[in-house]
Amino acid sequence: MNLDELQQIADKERSQRDKLAHCIFVCNAASCQSSRGLEVNQAIDKEIHEREIREQVCVKGAGCMGLCAEGPLVSVEPDGILYSKVTPEDVPEIMDSLDEAPVERLLCSLEQPFFKSQTKIVLENSGKI
């Protein structure tokens, strides 16, 4: 594979990503995995498939989102929503809330001191690259 071929693949991926209304990132770090994070990821993928919304919504595993004690963490972009302690049973409600008000009981505030005093460097693009 040469640089031009790699660039073509990147351009195609960017084009497909730009068509999505939402991308849901599920923390796949060890602490979130131990709290059923992989099951949450699978439940979201299944829900996207059953609702036939693959053209509008994607799900991706992401690295550590930072607040391990609140895992599994789920981020909904481009809305900037972070959910904590998500279970597979919460997934239909999260999916119903896309383009609507977020699921209040699952919200994890990004304004809390844990996040406010951080400048992400290593994890800045977690899930986006």
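In this text, all values refer to a predicted model and were calculated from it rather than measured experimentally. Position 1 is the first residue of the sequence, and the numbers go up from there.
Between Asp99 and His22 there is a side-chain heavy-atom pair separated by less than 4.5 Å. Between Arg54 and His49 the shortest side-chain heavy-atom distance falls below 4.5 Å. Looking only at side-chain heavy atoms (C-beta outward), Lys46 and Val91 stay at 4.5 Å or farther from each other.
Leu67 and Tyr83 fall into different hydrophobic clusters, where Ile, Leu, Val, Met, Phe, Trp and Tyr side chains are chained together by heavy-atom contacts under 4.5 Å. Leu98 is connected to Ile81 through a chain of hydrophobic side-chain contacts under 4.5 Å among Ile, Leu, Val, Met, Phe, Trp and Tyr, so both are in one cluster. By the rule that hydrophobic residues join a cluster once side-chain heavy atoms approach within less than 4.5 Å of another member, Val57 and Val86 end up as members of one cluster. Residues Val103 and Val59 share a single hydrophobic cluster, defined by chaining ILVMFWY side chains whose heavy atoms lie under 4.5 Å apart. A single hydrophobic cluster is not seen to contain both Phe25 and Ile94; linkage of ILVMFWY side chains at heavy-atom distances under 4.5 Å, directly or through other members, places them apart.
Distance check: Glu39 CD to Ile44 CD1 gives 12.0 Å after rounding to the nearest 0.5 Å. Separation of atoms NZ (Lys12) and CD (Gln7) is listed at 14.5 Å; rounding is to 0.5 Å. Interatomic distance, SG of Cys27 versus CE of Met65, reported as 5.5 Å (0.5 Å rounding). The CG atom of Leu20 sits 5.0 Å away from the SG atom of Cys58 when rounded to the nearest 0.5 Å. The SG atom of Cys68 lies 7.5 Å from the CG atom of Leu73; values are rounded to the nearest 0.5 Å. Here the CE-CD1 distance, from Met95 to Ile53, works out to 3.5 Å after rounding to the nearest 0.5 Å.
Not counting sequence neighbours, the partners of Thr87 by the side-chain hydrogen bond (donor to acceptor under 3.5 Å, both in side chains) test are Glu89, Asp90. When the side-chain hydrogen bond (donor to acceptor under 3.5 Å, both in side chains) test is applied to Arg51, the partners found at least two apart in sequence or on another chain are Glu47, Asp96. By the side-chain hydrogen bond (donor to acceptor under 3.5 Å, both in side chains) test, Arg14 pairs with Asp11, sequence neighbours left out.
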Are Met1 and Ile9 close enough, and set up right, to give a side chain to side chain contact (heavy atoms under 4.5 Å, CB included), and what steps lead you there?
CA-CA 11 Å; Met1 182 174 296; Ile9 293 169; 3.7 Å; yes
Please assess Arg105 against Glu93 for the test side chain to side chain contact (heavy atoms under 4.5 Å, CB included), listing each intermediate value before the final yes or no.
CA-CA 11 Å; Arg105 67 182 176 77; Glu93 189 175 3; 2.6 Å; yes
List the steps, then state whether side chain to side chain donor-acceptor pair (under 3.5 Å) holds for Ser15 with Glu13.
CA-CA 5 Å; Ser15 175; Glu13 288 294 319; over 6 Å; no
Could you go step by step and tell me if Leu82 and Val74 meet the side chain to side chain contact (heavy atoms under 4.5 Å, CB included) rule?
CA-CA 6 Å; Leu82 183 64; Val74 172; over 6 Å; no
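Minimum interatomic distance between Val26 and Gly37 (heavy atoms only, all atoms of both residues): CG1-O, 3.6 Å. Pairing each heavy atom of Leu107 with each of Pro102, the nearest pair is CD2-CB, 3.9 Å. Between Lys60 and Asn41 the shortest heavy-atom distance is C-ND2, 4.3 Å. Considering all non-hydrogen atoms of both residues, Ser31 and Ser34 come closest at O-OG, 2.7 Å. For the residue pair Pro72 and Arg36, the shortest heavy atom distance occurs at CG-C, 4.1 Å.
Glu5 contributes a side-chain N or O that, together with a main-chain N or O of Asn2, makes up a donor-acceptor pair within less than 3.5 Å.
With hydrogens and angles left out, the side-chain atoms of Ser35 and Gln33 include no donor and acceptor closer than 3.5 Å.
Summarising the local packing, CD of Glu50 is surrounded by more than 12 heavy atoms from other residues, nucleotides or ligands at distances under 6.0 Å.
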